[in-house]
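Residue numbers begin at 1 in each chain, while the letters A, B, ... track the order of the sequences.
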Number of protein chains: 2
Amino acid sequence: MATGRTHRPATRSRGIPEATVARLPLYLRALTALSERSVPTVSSEELAAAAGVNSAKLRKDFSYLGSYGTRGVGYDVEYLVYQISRELGLTQDWPVVIVGIGNLGAALANYGGFASRGFRVAALIDADPSMAGKPVAGIAVQHTDELEKIISDNGVSIGVIATPAGAAQQVCERLVAAGVTSILNFAPTVLTVPDGVDVRKVDLSIELQILAFHEQRKAGEEAAQDAAQADATAPAPPPIRANRGSSDGGAGRSSAGADATASAGSRAASAGTRAPSGSTRAASGAAARDNKGPDGDVPAVMPA
Amino acid sequence: MATGRTHRPATRSRGIPEATVARLPLYLRALTALSERSVPTVSSEELAAAAGVNSAKLRKDFSYLGSYGTRGVGYDVEYLVYQISRELGLTQDWPVVIVGIGNLGAALANYGGFASRGFRVAALIDADPSMAGKPVAGIAVQHTDELEKIISDNGVSIGVIATPAGAAQQVCERLVAAGVTSILNFAPTVLTVPDGVDVRKVDLSIELQILAFHEQRKAGEEAAQDAAQADATAPAPPPIRANRGSSDGGAGRSSAGADATASAGSRAASAGTRAPSGSTRAASGAAARDNKGPDGDVPAVMPA
DNA sequence: CCGTGTGAAATGCTTCACAGCG
DNA sequence: CGCTGTGAAGCATTTCACACGG
């Protein structure tokens with residue numbers, strides 16, 4: 001969807017897959033650690049282990065950047081650090097502004113990894129007048145009124161939104177209008193932006209829900225279906241009781257794909273299928289309806 | 001990677017793709033908002049827009065859950081909220097512990113969306129003795145020594161790690177040994193866990209680096225290659241100057257796949273390709289080497 | 001002889017497009 | 001007649017496996 005477009009065929013051969021781009025920071029981190037320990041070279045096998053991926057994937061990823069390894073030996077750590085940094089654009093300075101200085105915003109402002117990779121917190125912005133002037137992480141918070149001026153004076157192109165959900169879209173629009181073209185959104189809302197603006201979101205609640213899904217599955221591993229029969233507690237079955245269970249369709253398929261993001265290594269350890277504590281929470285139309293701010297589900301982390 | 005396994009063919013038809021699972025929370029949020037406005041039904045088109053995906057994807061996703069819609073009409077909001085909640089396992093209560101109560105941990109503890117979806121903060125744990133007893137978000141912080149007892153007493157199966165990178169793996173091991181089988185990791189490290197334990201990570205630094213990559217590309221859109229020639233500042237070219245640019249291989253490929261996570265809608269707005277502020281940061285072997293804690297890149301957010 | 005670099009196969013996800021049910 | 005549900009096509013990503021270079 002979105003508005004027309006067909007993304008230019010890339011200036012030319014520059015076509016690194018998104019999935020690969022998303023892993024470069026991982027490699028970079030692992031490499032930086034090795035660099036600190038003065039390790040001169042690494043094999044794809046070792047580096048892959050340190051980054052938490054498999055070696056085939058890593059080699060393929062690097063192949064998109066060029067041939068930076070030495071057959072029979074491995075990769076030169078320093079050299080690779082440089083190449084990846086350059087590819088990611090970390091050899092230049094990126095001023096960043098953080099909007100919404102609540103607990104989260106403060107945490108981000110204090111985040112060390114921030115400055116260590118070419119990102120510089122150019123300003124902290126908050127809508128609460130009483131915050132203005134207060135130093136957070138050594139930087140004085142400025143009022144939202146200054147937003148546009150700050151962006152243009154500092155040539156900021158990356159903005160971080162850590163405001164409540166209700167304020168996010170508006171802040172986003174102001175950032176974009178002022179010249180920001182990349183946004184990292186921590187507010188639990190879908191931001192609508194013009195073409196050409198990149199948005200990445202980080203949503204705690206979503207991550208937890210995904211974990212819950214897998215957790216639930218683990219629990220029901222042997223207890224099997226029982227929720228499937230929970231028909232009793234189901235709320236108003238729609239109009240004419242929907243016809244469940246598709247005959248077959250391209251649906252089903254096994255897989256279950258575990259390691260959704262990690263899950264490497266192996267060790268002993270206890271814990272074998274642990275049932276969730278409480279019992280099937282009151283359900284009756286309930287589910288996601290308890291305490292909830294007047295506006296979606298604000299992070300309750302900041303003033304307004 | 002990972003130890004053997006072949007994931008059971010799913011109790012039977014239960015095979016929801018990971019990608020779909022990851023979107024269910026998004027739909028749920030949009031649906032909850034509609035539910036609050038007492039909207040009775042939605043079409044895939046409308047709901048998709050609200051969730052920031054396209055309708056075909058949404059319909060396909062829902063088809064994995066079953067046939068919950070009504071042709072010619074749409075979906076019953078309340079009913080769908082219930083079905084998705086159940087699928088995600090949100091109809092039960094999930095006690096959660098947060099380890100590492102620094103700025104970030106506190107932000108998470110205060111996060112409203114937390115409690116509103118079936119997650120209950122069962123305890124806040126920190127290694128700093130002086131934190132013990134202090135109330136954060138209305139809950140008294142407990143010392144790490146209590147970790148095992150807390151986990152088992154509360155039947156906690158989901159843990160959130162918000163400690164500095166250096167402490168993460170150790171905390172992770174203790175959580176797992178105590179019975180936790182799902183971990184949400186905010187520390188910038190790769191966690192190694194036994195089979196059967198799910199780990200999801202949230203890494204601010206990585207998200208920013210991905211944005212920087214795209215941002216850099218936007219800038220070089222017309223200024224074209226110029227970094228490609230930056231050979232002058234490159235550090236020790238490995239052994240025998242690696243042979244750049246692969247002949248062709250399955251590499252290249254165009255696409256450039258933008259909307260890495262969002263980028264919907266459309267509007268006017270200014271900002272058209274904005275060059276990053278500073279000039280090519282000192283680079284000379286530099287890149288990712290400035291201020292950095294003695295231990296990787298700790299979130300500098302918490303004591304120890 | 002080891003480990004990179006990479007075609008090719010396998011798998012997974014998204015998009016298309018349309019049959020068919022209310 | 002509109003909108004869902006879904007085969008089938010189109011892409012993207014991962015994995016395999018092995019030729020090739022140092």
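By the side chain to side chain contact (heavy atoms under 4.5 Å, CB included) test, A:Ser43 pairs with A:Glu45, A:Glu46, sequence neighbours left out. Qualifying side chain to side chain contact (heavy atoms under 4.5 Å, CB included) partners for B:Ser182, counting only residues two or more places apart in sequence or in other chains: A:Leu211, A:Glu215, A:Lys218, B:Ile158, B:Asp198. Take A:Arg23 and apply the side chain to side chain contact (heavy atoms under 4.5 Å, CB included) test, not counting sequence neighbours, and it matches A:Ala19, A:Thr20, A:Tyr27, A:Val53, A:Lys57, A:Asp61.
Rounded to a whole Å, the NZ atom of A:Lys57 is 18 Å from the C1' atom of C:dT4. When the P atom of C:dG3 is taken as reference, atom OH of A:Tyr68 falls 23 Å away, rounded to whole Å. Here the C1' atom of nucleotide D:dC3 and the CG atom of B:Asp76 are 15 Å apart, to the nearest Å. One atom, CD of A:Glu18, and another, C1' of D:dT13, lie 12 Å apart when rounded to the nearest Å. Going from atom CD1 of A:Ile16 over to atom C1' of D:dT13 covers 15 Å, rounded to whole Å. Rounded to an integer number of Å, the gap from CG of B:Leu80 to C1' of D:dT4 is 12 Å. Atom NZ of A:Lys60 is separated from atom C1' of C:dT4 by 12 Å (rounded to the nearest Å). Summarising the geometry, the separation between CG on A:Leu58 and P on C:dG3 is reported as 14 Å, rounded to the nearest angstrom.
Contact between the side-chain N/O atoms of A:Ser44 and the OP1/OP2 oxygens of C:dT4 is found at a separation under 4.0 Å. Contact check, B:Tyr64 against C:dT14: no side-chain N or O comes under 4.0 Å of OP1 or OP2.
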Using the 3.5 Å cut-off, write out each protein N or O paired with an N or O of nucleotides 18-21 of chain D and the distance between them.
unit_1	atom_1	unit_2	atom_2	d
D:dC20	O2	A:Arg71	NH1	2.9

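Between A:Ser44 and A:Leu58 the shortest heavy-atom distance is CB-CD2, 3.7 Å. Taking both residues in full, the closest heavy atoms of B:Gln216 and A:Glu87 are given as NE2-O, 2.9 Å, listed atom of the first, atom of the second, then distance. A:Ala165 and A:Ala187 make their closest contact through CA-CB, 4.0 Å (heavy atoms, listed as atom of the first residue, atom of the second, distance). In terms of heavy atoms, B:Thr192 sits closest to B:Cys172 at O-SG, 4.3 Å.
Comparing the start and finish of the helix from C:dC1-D:dG22 to C:dG22-D:dC1, five pairs each, the helix axis swings through 10°, to the nearest 10 degrees.
Two residues, A:Ala19 and B:Asp61, neighbour DNA chain D, and the one matched to the more 5' nucleotide by heavy-atom proximity is B:Asp61.
Looking at heavy atoms from C-beta onward, A:Glu78 lies out of side-chain contact with A:Tyr82 at the 4.5 angstrom threshold.
If you check C:dG22, C:dT4, C:dT14 against the side chain of B:Arg23, the one that comes closest is C:dT14. Listed candidates were C:dT6, D:dT13, C:dT14. Nearest to the side chain of A:Pro17 is D:dT13. Nearest to the side chain of B:Asn54, among C:dG22, D:dT4, C:dT15, sits C:dT15.
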Report the C-alpha separation of B:Gln209 and B:Ser205 in whole Å, then their side-chain angles, then the decisive distance to 0.1 Å, and conclude whether the side chain to side chain donor-acceptor pair (under 3.5 Å) test is met. CA-CA 6 Å; B:Gln209 289 174 53; B:Ser205 173; 2.8 Å; yes
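Checking each of A:Tyr68, A:Tyr75, A:Tyr79 against A:Phe62 for a ring-ring contact (aromatic ring centres under 6.0 Å, His included) leaves exactly one that passes, namely A:Tyr75.
Here B:Phe62 lies out of heavy-atom contact (under 4.0 Å) with every strand.
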